[in-house]
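All chains are named by letter (A, B, ...) in the order of the sequence lines, taking the proteins before the strands, and each is independently numbered beginning at 1. Quick note: numbers below take in every heavy atom, side chains included, and nothing from hydrogens, waters or symmetry partners.
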2 protein chains.
Amino acid sequence: MIQCEDHEECILTAIEMADRICSQKQLKFTDLRKEILRMIWEGHGPQKAYDLLNKLQQTNPSAKPATVYRALDFLIGNGFIHKVASLNAFVGCSHPLKHQECYFLICDDCKNISECCDANITAAIQTTTIENQFVAKNTTLEIFGHCNECLNRSE
Amino acid sequence: MIQCEDHEECILTAIEMADRICSQKQLKFTDLRKEILRMIWEGHGPQKAYDLLNKLQQTNPSAKPATVYRALDFLIGNGFIHKVASLNAFVGCSHPLKHQECYFLICDDCKNISECCDANITAAIQTTTIENQFVAKNTTLEIFGHCNECLNRSE
DNA sequence: TCTGGGATGTTATATTGTAACGTTGTTGGC
DNA sequence: GCCAACAACGTTACAATATAACATCCCAGA
Ligand SMILES: [Zn+2]
Ligand SMILES: [Zn+2]
Ligand SMILES: [Zn+2]
Ligand SMILES: [Zn+2]
């Protein structure tokens, strides 16, 4: 999900954005890919591949793991979703054109996940990679802890 | 591995350090746990659980997945190794007392992995988490790309 | 010596992800 | 329109990663 007021609206926006980008880039935004993207956005947090498969099988009983994983590959490859490596789960990207690197805050309690793609972090990482004479291609930053809502609730 | 001149020396140092810390903390550094830690350090990069199991079975044919995973849990829990989430692999920690959070540079070519636990990155992350009113407990930062050696070699 | 709890053994199973190959469907050149 | 090429998808099988549950062992401390 990632911070929204009207989640239906939020889902639609994400799908329309993906639709537009696919048109521009001549990518095939098939029903299957759209359906998987919708299901990822519908969940309020990281979605697991086999949960997506189970949901998909309700409307498409012949769906198989490869069905889901191929759609996920497409969506990841084109920046519409991210894989959360620490969770083996997938989450929608709220700004698929802006960047490759997304950083995440993930609440251990409510599982809410939000992107926190701060330029200062990017700069600090870049400084360190340069110091280490390393050419970075891809960065995974996943910060686990407790979100404000859960902290307040537990007081 | 992580930067060393004499890797035998490097392995021994890591094991002795773990031994000392376990004594101090009254932890049981059993033969099995020591063996798994040694095997992780012997590899020059992230080690996979089932590769460790295969090696272990050469001397301990009755070893099972749980055998390895329990030792890994102990080693992770006490900071002697880290899990590299993006790779489903495990790597020795070069400074188990210093911190919980280790950042990694991982070469896509040679698979060499080095810790890059820079304070500036930590500070940048902290600033962002505070801005987001988030209390961080655990951070995964894995930077993939190409190391200096591999860049030079390919020129 | 007894005993409680941690470590390990053992079996089974859950979860996550890919390989390989066949079929379908679209698209663009002829 | 026809056909070749290629991408998407269907299908089967399997590989790779990880955990649950319960039994047994073993040692430190009462
Ligand atoms: Zn994103
Ligand atoms: Zn929360
Ligand atoms: Zn470390
Ligand atoms: Zn390299």
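- Taking atom CG of D51(B) as the reference point, atom C1' of dA18(D) lies 15 Å away to the nearest angstrom.
- Here the closest non-hydrogen pair linking C93(A) and C102(A) is SG-SG, 4.1 Å.
- Rounding to the nearest 0.5 Å places SG of C147(B) at 9.5 Å from CG of L105(B).
- Nearest-nucleotide assignment on DNA chain D puts the 5′-proximal partner with A71(A), out of Y50(A) and A71(A).
- Of all nucleotides in DNA chain C having an atom under 4.0 Å from a heavy atom of chain A, the first and last in 5' to 3' order are dT16(C) to dA20(C).
- For DNA chain D, no neighbouring residue in residues 15-30 of chain B is found when judged by any heavy atom under 4.0 Å.
- Note: CG (L87(A)) to P (dT17(D)) measures 18 Å, nearest angstrom.
- Atom CG of L32(B) is separated from atom P of dC26(D) by 14 Å (rounded to the nearest Å).
- In this structure, CG of N88(B) is placed 13 Å from C1' of dA15(D), rounded to the nearest angstrom.
- An OP1 or OP2 oxygen of dA18(D) is reached within less than 4.0 angstrom by a side-chain nitrogen or oxygen of K83(B).
- Regarding L72(B), its CG atom lies at a distance of 10 Å from the P atom of dT19(D), rounded to whole Å.
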Per-pair distances, 0.1 Å, donor-acceptor, side chain in residues 124-131 of chain B, under 3.5 Å, sequence neighbours excluded:
residue, atom, partner, partner atom, Å
T127(B), OG1, A123(B), O, 3.0
T128(B), OG1, A124(B), O, 3.3
T129(B), OG1, I125(B), O, 3.3
T129(B), OG1, Q126(B), O, 2.8

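- For residues 51-80 of chain B, no pair satisfies salt bridge (charged side-chain N to carboxylate O under 4.0 Å, His left out), with sequence neighbours left out.
- The nearest pair of heavy atoms linking E142(A) to A85(A) is OE2-N, 2.8 Å.
- Within the model, atoms NZ of K83(B) and CZ of F90(B) stand 4.5 Å from one another, a figure rounded to the nearest 0.5 Å.
- Minimum heavy-atom separation, L37(B) to F80(B): CD1-O, 4.1 Å.
- Hydrophobic clustering keeps L151(B) apart from I113(B) (ILVMFWY residues linked when any side-chain heavy atoms are closer than 4.5 Å, directly or through intermediates).
- Relative to the side chain of R70(A), the nucleotides dA8(D), dT11(D), dA18(D) differ in distance, and dT11(D) lies closest.
- Each salt bridge (charged side-chain N to carboxylate O under 4.0 Å, His left out) pair with one or both residues in residues 11-34 of chain A, not counting sequence neighbours, appears once here: D19(A)-K34(A).
- To the nearest 0.5 Å, atoms OG (S62(A)) and CD (Q57(A)) are separated by 8.5 Å.
- Within residues 58-65 of chain B, the residues that have a heavy atom under 4.0 Å from DNA chain C are, in order of number, S62(B), K64(B).
- The shortest distance between the side-chain N/O atoms of Y69(B) and the OP1/OP2 oxygens of dT19(D) is not below 4.0 Å.
- No side-chain donor-acceptor contact under 3.5 Å links T140(B) and N138(B).
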